[in-house]
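Quick note on labels: first sequence line is chain A, next is B, and so on, each numbered from 1.
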Amino acid sequence: MPRYLPAEIEPKWQQHWETNRVFAAPRLPKGKKLYVLDMFPYPSGDGLHVGHPEGYTATDIVARYHRMRGYSVMHPMGWDAFGLPAEQHAKKTGAHPRATTEKNIANFRRQLKMLGFSYDWQRELATTDVDYFRWTQFIFLVLYDTWFDPQQQRGRPIAELAIPAEVAAQGGAAVARFRDEHRLAYQLEAPVNWCPALGTVLANEEVVGGLSERGGHPVVRIPLRQWMLRITAYADRLESDLDGLDWPESIKLLQRNWIGRSTGAEVDFFIGVDRPIGEADLLPHQPGHPDSAAPASGLPDTVAAGRRPQPAVRAAFEQWSAARKAAGYPKRPGGEVLRIYTTRPDTLFGATYMVIAPEHPFVPRLTAPEQAAAVKAYCQAASRKSDLDRTDLAKDKTGVFTGSYAVNPVNGQAIPIWVADYVLISYGTGAIMAVPAHDTRDFEFAREFGLPIVPVVDPGPSGGEAREKLLRCEAAFIADGQAINSGDYTGMPTAQFKQRITADLAGAGVARAAVNYKLRDWLFSRQHFWGEPFPLLHELDAAGQPTGVVVALEPGDLPVDLPAAMTFDARHDSPEPPLEKAPADWLFVERNGKRYKRETNTMPQWAGSCWYYLRFLDPKNTQALVDREVERAWMPVDLYVGGAEHAVLHLLYARFWHKVLYDRGYVGTPEPFQRLVNLGMILGEKNEKMGKSRGNVVNPDDVVRRHGADSLRLYEMFMGPLEATKPWSADGVAGVRGFLDRAWRMIVDERSESMQLNEAVVDCPPTAAQNRVLHRTIKAVTKDIESLSFNTAIARMMEFTNFFLRESQRPRRAMERFVLLLAPMAPHIAEELWAALGRRQTLAYEPWPEYDESLIKEETIEVPIQVNGKLRGKVSLPAEADNAAIEAAAKADARVAEWLAGKTVVKTIVVPGRLINFVVK
RNA sequence: GCCGGAGUGGCGGAAUGGCAGACGCGCCGGACUCAAAAUCCGGUCCUCGCAAGAGGGUGUGGGUUCAACUCCCACCUCCGGCACCA
């Protein structure tokens with residue numbers, strides 16, 4: 001077999017690795033450990049695309065390199081196998097999703113083995129395995145059994161939740177309800193996008209203008225009982241623990257923005273004791289009066305702001321204020337206040353109106369009779385809009401006046417309360433104070449409805465154009481500045497003002513510092529069949545109706561398997577979960593004389609991927625999700641590689657679960673993934689996305705058939721930096737194949753029938769030049785692998801072959817070193833060459849080559865000579881030449897001398913070994 | 001709109017503030033061949049020049065420096081994320 005024939009050598013070595021279990025990881029690491037993890041794939045029916053091997057090759061190189069470095073390496077692979085495609089296929093063809101899934105997994109497994117990745121296949125798992133998802137269900141039970149203690153900032157067993165006396169007094173049902181309200185897993189009646197024509201619930205992104213994105217069918221918002229996970233409880237820790245992670249800053253930032261922590265204050269505005277404050281409770285509007293702040297510039301004065309309340313209302317406000325000061329800031333405000341959240345308490349004096357969300361519980365109470373019809377119509381219209389509609393229409397602000405007023409605690413002035421859908425019920429308190437002079441949205445709204453704009457922050461003399469625009473009421477000024485029109489606080493800089501007024505109002509019992517997050521609780525249930533069933537039972541009464549009591553199964557009751565006998569209805573036409581149609585012997589459970597119905601929602605696909613990295617460590621354990629000692633020894637994951645599309649969801653969900661498991665003692669590290677590397681996308685040859693519809697998908701099977709797995713691996717690493725988005729090139733693969741051909745010829749005699757070394761490969765000591773190339777290559781490749789710069793590592797190896805192919809004597813020892821360097825990236829050809837060089841066993845555990853710095857040193861160096869920063873010549877010198885010698889040699893150079901002639905050398909800069917620069921005049 | 005990232009030959013890309021374009025693709029020329037493929041050798045940033053050489057050149061404009069792809073300021077374009085979060 002003289003020529004390089006990947007089709008023959010690759011399967012041979014794959015077989016060798018498998019039968020000898022070459023890459024089996026030990027139960028516990030011996031010495032230094034490295035856990036290298038890929039984001040496991042969803043085994044789709046299309047098989048692998050060329051994007052998959054990019055990350056898998058990168059981690060494989062790292063894994064193989066570290067084995068040669070003496071590390072115990074954990075490098076597993078599995079399948080994220082639940083998901084909608086298999087279920088949709090079932091609806092179309094009647095094939096059970098499990099059958100489809102197993103077929104797809106078999107194909108993926110074949111393809112990955114074909115690429116020669118050094119996975120420990122003994123640890124393979126699929127999220128759809130009953131033995132796997134029983135532990136997913138187990139973790140759900142842990143979540144269900146946990147509450148978050150805000151004092152200790154950690155999850156604790158629900159049994160440790162202190163029950164307030166007044167709750168305990170109401171009996172067992174009240175206690176159970178109290179506990180349910182604190183669990184990390186809880187039920188919520190939440191609106192979903194239901195599309196009757198498609199027979200499915202749609203995500204917000206799939207609904208455009210009230211119609212389904214696909215097909216354009218009507219979508220209705222219907223309330224549906226859902227399971228939620230209280231990820232918001234961990235928002236603070238999920239954000240602050242990012243600091244210690246070796247992740248790309250851009251990904252950390254994405255997560256920070258997603259969590260969206262903001263600090264500010266909650267402030268209570270007085271809205272009247274028995275009834276809302278209306279028009280009749282205010283003194284008439286008096287233009288020019290200081291308490292009747294006139295709208296600035298020429299805006300229409302349709303609704304007065306900053307009006308003085310009638311003495312009776314003022315008295316009620318004073319009384320309320322005094323009572324508040326004595327009682328402090330209550331946890332749940334009474335009906336007499338409207339609580340708002342603001343990040344700019346320093347702009348309280350500029351609040352000219354208030355806005356509450358259409359879903360705010362105070363809407364009915366605050367609506368004056370004369371505004372009732374308008375408010376009702378507005379709220380109804382808002383409820384029909386999907387979230388997407390509401391954001392889409394962001395440009396045109398809409399709203400309606402309630403007819404009621406609130407009293408600003410800082411100055412006792414009454415300002416109107418509006419309803420508008422630019423305020424979201426799900427954020428903060430669902431109500432805001434509007435400061436149009438210093439908030440863009442409030443500014444637009446005020447413009448739309450002719451509400452007054454009162455500047456209270458001066459941008460300062462350097463404010464320039466922004467200041468002019470603000471004072472002419474042409475734009476809001478968002479940034480910090482100095483307070484104006486703000487009573488005693490006037491003159492204060494923004495940051496100081498914020499602190500002072502928050503403290504002052506807190507002392508008065510009407511405000512407190514507050515933190516808010518954009519992050520929402522995680523909607524954790526799906527109306528699908530092909531997902532993990534919840535380990536929960538709903539109690540039924542004698543009539544077979546749910547009593548509302550939920551019973552969690554015991555760990556010993558697990559797993560809850562999916563019913564094997566299911567028929568899949570192509571025209572499933574209700575929002576109820578498919579499992580509602582499961583056989584009765586699955587659906588109903590008798591226990592202790594009571595009847596129960598199983599929870600028929602299933603978990604989302606994210607569930608299985610939240611903890612698979614733990615199960616890989618101990619995949620066959622029947623007693624625990626992972627053995628404690630094993631987990632402590634291997635975790636955390638040292639390198640996690642995958643696509644940037646998982647920057648927020650998967651990577652946030654997994655961190656959340658991990659923290660809960662950490663709090664409850666199941667794992668020993670607070671974070672699962674110490675180092676993260678994101679992959680760029682691989683595009684088509686013409687720089688466009690690959691896709692079936694474009695017909696530009698490159699199938700790894702074809703590439704391997706044509707050039708072999710090593711060429712595919714090497715090419716994907718040679719394309720460019722891992723994180724970069726880069727286009728595929730068939731010529732590029734051929735080019736890398738050419739390199740392997742040349743490397744083969746460098747060592748093997750192609751003309752011989754049997755496996756013979758090239759006659760140039762001889763047992764002789766390397767020349768100084770050969771040593772320089774060899775050791776320089778070892779050094780560079782080592783450094784590049786450590787920094788995951790595989791493209792330059794390969795370039796260095798190409799230089800090595802380019803050099804040695806010209807050498808008529810190729811020292812065997814140098815060839816061996818080279819083969820070892822090549823091995824992590826192109827393992828099949830490396831094994832074959834290793835054998836050709838007379839080595840018996842696999843090179844997978846051969847020590848990584850060391851380099852000798854002293855052999856790299858050149859005897860002579862070429863020093864570039866610059867005159868005024870421009871290259872004017874070069875001079876060859878002994879490597880040890882000192883600065884004076886370099887300068888002398890440079891001046892002696894004929895061309896340089898010409899450039900220096902007649903000029904004065906002002907300065908001479910010598911960078912030893914680098915260059916010399918003459919600055920002349 | 002806001003927040004990130006990136007702009008270097010025909011293409012993918014390389015360069016601790018120190019010779020811009022390593023390595024590969026493509027292209028051009030040559031060797032071998034009846035011929036082609038494969039392989040090997042040489043060339044390949046642009047302009048002027050027979051050449052030696054000179055000038056220009058890392059999205060645009062400015063700045064710091066003996067020296068800038070690299071650092072600073074402003075702008076342009078492309079890609080990604082978020083999108084009324086008060």
Reported OG1-to-CG distance for the pair A:T502 and A:D346, which is rounded to 0.5 angstrom: 8.5 Å
B/S/- contact track for nucleotides 50-59 of chain B, protein heavy atom under 4.0 Å: ----SSS---
Side chain to side chain donor-acceptor pair (under 3.5 Å) partners of residues 719-732 of chain A, not counting sequence neighbours, each pair once: A:E54-A:K726
Gap in Å between the two P atoms, one belonging to B:G4 and one to B:C73, rounded: 13 Å
B:U60 versus B:C76 - spacing of their C1' atoms, nearest Å: 7 Å
Whole-Å distance separating the CZ atom of A:R914 from the P atom of B:U70: 17 Å
Proximity of A:Y353 and A:F445 rings by center, below 6.0 Å: yes
Spacing of A:M717 atom CE relative to B:G24 atom C1', expressed in whole Å: 15 Å
A:E853 bridged to A:K857 by N-O distance under 4.0 Å: no
Nearest atoms (heavy-atom pairs only) where A:A351 meets A:N408: CB-ND2, 4.1 Å
Step-by-step side chain to side chain contact (heavy atoms under 4.5 Å, CB included) determination, A:H707 to A:V736: CA-CA 9 Å; A:H707 292 297; A:V736 164; over 6 Å; no
Where do N or O atoms of nucleotides 40-42 of chain B meet protein N or O atoms at under 3.5 Å, pair by pair?
residue, atom, partner, partner atom, Å
B:C40, OP1, A:R742, NH1, 2.9
B:C40, OP1, A:R745, NH2, 3.0

Whether A:N678 side chain and A:V641 backbone form a donor-acceptor pair below 3.5 Å: no
Spacing of A:K498 atom NZ relative to B:A86 atom C1', expressed in whole Å: 12 Å
Closest listed nucleotide, where the reference is the side chain of A:N802 and the choices are B:A86, B:G18, B:G24: B:G24
Whole-Å distance separating the CZ atom of A:R737 from the C1' atom of B:U39: 14 Å
Nucleotide of B:A86, B:C84, B:G18 approaching A:I432 most closely (side-chain heavy atoms): B:A86
Distance-only donor-acceptor test, A:K518 side-chain atoms vs B:C82 base atoms, 3.5 Å: no
A:D731 CG to B:C27 C1', straight-line distance once rounded to whole Å: 12 Å
Same-atom distance (C1') from B:A52 to B:G7, integer angstrom: 37 Å
Any A:S262 side-chain N or O less than 4.0 Å from OP1/OP2 of B:A86: yes
Expected output: side-chain A:H438 to main-chain A:F477 donor-acceptor under 3.5 Å: yes
Flag for A:R520-A:T232: side-chain donor and acceptor within less than 3.5 Å: no
Over all atoms of both residues, closest heavy-atom pair of A:A793 and A:D784: N-OD2, 3.2 Å
Touch class at under 4.0 angstrom, heavy-atom based, for A:G260 against every strand present: nothing
Distance-only polar pair, side chains of A:N516 and A:S262, donor-acceptor under 3.5 Å: no
Nearest-nucleotide comparison on RNA chain B, the residue closer to the 5′ end among A:G428 and A:L915: A:L915
A:W418 and A:F449 aromatic ring geometry - parallel, tilted or perpendicular at 30°/60° bounds: tilted
Audit row: A:E685, A:N696, side-chain hydrogen bond (donor to acceptor under 3.5 Å, both in side chains) steps and yes/no: CA-CA 8 Å; A:E685 300 234 4; A:N696 61 351; over 6 Å; no
Gap in Å between the two P atoms, one belonging to B:C46 and one to B:U58, rounded: 15 Å
Pairwise C1' distance, B:A51 and B:A67 [rounded to whole Å]: 31 Å
Same-atom distance (C1') from B:G24 to B:C32, integer angstrom: 25 Å
Dot-bracket notation for RNA chain B, counting Watson-Crick and G-U pairs under 3.5 Å, with | for partners on another strand: (((((((..(((.....[....)))((((((.......))))))((((....))))..(((((..]....))))))))))))....
Any donor-acceptor pair under 3.5 Å from A:D893 side chain to A:G873 backbone: no
Minimum-distance pair of heavy atoms, taken over all atoms of A:R339 and A:P333: NH1-CD, 3.6 Å
Any A:Y427 side-chain nitrogen or oxygen under 4.0 Å from OP1 or OP2 of B:A86: yes
Polar side-chain atom of A:D749 near backbone of A:N758 as donor-acceptor pair, under 3.5 Å: no
Spacing of A:Y4 atom OH relative to B:U39 atom C1', expressed in whole Å: 18 Å
A:R810 side chain vs A:I747 backbone, donor-acceptor pair below 3.5 Å: no
Out of B:A86, B:G80, B:A22, whichever nucleotide has its closest atom nearest the side chain of A:A795: B:A22
With the criterion being N/O to N/O and under 3.5 Å, what pairs connect the protein with nucleotides 61-68 of chain B, and how long is each?
residue, atom, partner, partner atom, Å
B:C66, O2', A:N917, ND2, 3.4
B:C66, O2, A:N917, ND2, 2.7

Side-chain donor or acceptor of A:T494 paired with backbone N/O of A:G481 under 3.5 Å: yes
Pairwise 5' ranking along RNA chain B for A:R261 and A:V736, keeping only the more 5' one: A:V736
Torsion-based syn/anti label for B:G12, 90° from 0 as limit: anti
Under 4.0 Å protein heavy-atom contact, by nucleotide of nucleotides 1-14 of chain B - B base, S sugar-phosphate only: --SS-------BSS
Other residues, nucleotides, ligands: >12 heavy atoms within 6.0 Å of A:E858 CD: yes
Between B:C79 and B:C27 - P atom distance, rounded Å: 30 Å
Interatomic distance, A:I886 CD1 vs B:G18 C1' [rounded to whole Å]: 13 Å
Distance in angstrom units between A:M746 CE and B:U39 C1', rounded: 17 Å
B:G81 to B:G26 separation - C1' atoms, rounded to the nearest Å: 36 Å
